Amino acid sequence: MKKILSLIVVCAVSIVMLVGCSESSGGAASGNNGSADITATNSSSDTQSVDASGYEKSFEGFVQYMTEGGYIKGDGTDLTAAAIGAKQGKRYTISSGTSKYYVELYEYEDQTSDIAQRTIANAKGDHSFHLMDSTESATANTYAVVTEDGKFLMLFTDSSSNDAPSEKKESAAKAVESFK
């Protein structure tokens, strides 16, 4: 029974990742609550240094911190966070010049499940993101970073070939690491 449940979860996570990482805005499989993806237009100059100590240590505070820092805009799209052991998550679609990238933010309330522990450990280790028991990264274009306490995770997915998202990724990663 445990293997069947694991297989169902792996299939669900795979569907979420495939639909969620596509260019089109999906329906229920991506966790979309019925609203269209909000597309924000950012450039490297849109980011600003924000003091993390002034924000509540909640998911709403984390989202506000990342918004005021210029890394995300809009309301985002609700995601099926349980598939990676998280309590809740949102995806933001950002356009920067000719490139498009995605920022997903997650909150881990209970970090004791195996999937939560593995996801957090991979993000802290080599900034990779893996599906379930897979040893291979879910996508080579996804950069995972987690806060020091492991409560909040950011997945930054970029499939473009220019450097603008890379600069944004590095800046956003530092912001996440500073959220204490």
Side-chain angles (χ1 to χ4, degrees), residues 9-10 12-26 29-33 37-40 42 47 59-67 69-96 99-109 111 113 115-160 164-179:
V9 170
V10 168
V13 169
S14 297
I15 290 169
V16 167
M17 289 301 297
L18 289 173
V19 173
C21 292
S22 70
E23 291 286 322
S24 63
S25 176
S30 68
N32 189 337
N33 62 5
D37 257 351
I38 304 293
T39 301
N42 278 355
T47 60
F59 188 68
E60 293 76 18
F62 183 52
V63 169
Q64 182 182 6
Y65 168 71
M66 294 299 285
T67 300
Y71 303 104
I72 59 174
K73 290 184 182 180
D75 294 331
T77 302
D78 291 335
L79 297 172
T80 307
I84 63 168
K87 176 184 174 186
Q88 61 184 318
K90 285 192 175 260
R91 173 188 298 144
Y92 301 85
T93 304
I94 293 96
S95 295
S96 179
S99 64
K100 184 186 262 188
Y101 56 95
Y102 305 92
V103 174
E104 295 179 18
L105 302 178
Y106 294 93
E107 176 186 20
Y108 285 89
E109 185 175 69
Q111 300 172 16
S113 73
I115 186 68
Q117 288 178 355
R118 281 193 303 269
T119 302
I120 293 167
N122 288 331
K124 283 185 176 182
D126 62 1
H127 300 289
S128 64
F129 176 70
H130 303 261
L131 292 174
M132 301 300 290
D133 293 327
S134 171
T135 57
E136 293 185 29
S137 182
T139 174
N141 300 322
T142 298
Y143 186 79
V145 64
V146 67
T147 56
E148 187 177 306
D149 62 2
K151 186 170 180 175
F152 302 104
L153 169 76
M154 177 190 73
L155 298 178
F156 189 104
T157 304
D158 167 36
S159 58
S160 69
S166 294
E167 293 169 12
K168 180 73 78 172
K169 173 186 73 177
E170 295 300 324
S171 180
K174 288 178 184 173
V176 171
E177 292 169 343
S178 298
F179 192 75

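Values in this document were obtained by computation on a predicted structure and should not be read as measured data.
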In terms of side-chain geometry, is the basic nitrogen of K90 or D78 positioned less than 4.0 Å from the acidic oxygen of its partner?
yes
Looking at side-chain heavy atoms only, is the closest gap between E104 and L79 below 4.5 Å?
yes
Between I94 and K73, is there a side-chain heavy-atom distance shorter than 4.5 Å?
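No, their side chains stay 4.5 Å or more apart.
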Who passes side chain to side chain donor-acceptor pair (under 3.5 Å) against [X], sequence neighbours left out?
| X | answer |
| --- | --- |
| Y65 | none |
| Q64 | E68 |
| T147 | D149 |

Donor-acceptor contact present, side-chain T119 to main-chain I115, <3.5 Å:
yes
How would you list, by chain and number, every residue that makes a side-chain contact (heavy atoms from CB on, under 4.5 Å) with [X], sequence neighbours excluded?
| X | result |
| --- | --- |
| A144 | A123, F129, L153, L155 |
| K124 | I120, V146 |
| Q88 | F59, E60, E107 |
| A86 | A81, I84, Y106, Y108 |

Do other residues, nucleotides or ligands put more than 12 heavy atoms under 6.0 Å from Q117 CD?
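Counting other residues, nucleotides and ligands, CD of Q117 exceeds 12 neighbours.
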When rounded to the nearest 0.5 angstrom, what distance separates [atom1] in [X] from [atom2] in [Y]?
| X | Y | atom1 | atom2 | result |
| --- | --- | --- | --- | --- |
| Y102 | T77 | OH | OG1 | 10.5 Å |
| Y71 | L105 | OH | CG | 12.0 Å |
| T157 | K169 | OG1 | NZ | 10.5 Å |

Of all the heavy-atom pairs spanning G85 and A116, show the shortest one and how long it is.
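Nearest pair, atom of G85 first, then A116: O-CB, 3.8 Å.
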Test V103 against M154 for side-chain contact (heavy atoms from CB on, under 4.5 Å), laying out the working first.
CA-CA 7 Å; V103 174; M154 177 190 73; 3.8 Å; yes
Using the ring-ring contact (aromatic ring centres under 6.0 Å, His included) definition, which of the options Y143, Y101, Y92 pairs with F156?
Y101
Sequence-distant partners of K87, salt bridge (Lys or Arg N to Asp or Glu O under 4.0 Å), two or more places apart:
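With sequence neighbours excluded, K87 shows a salt bridge (Lys or Arg N to Asp or Glu O under 4.0 Å) to E109, given in chain and number order.
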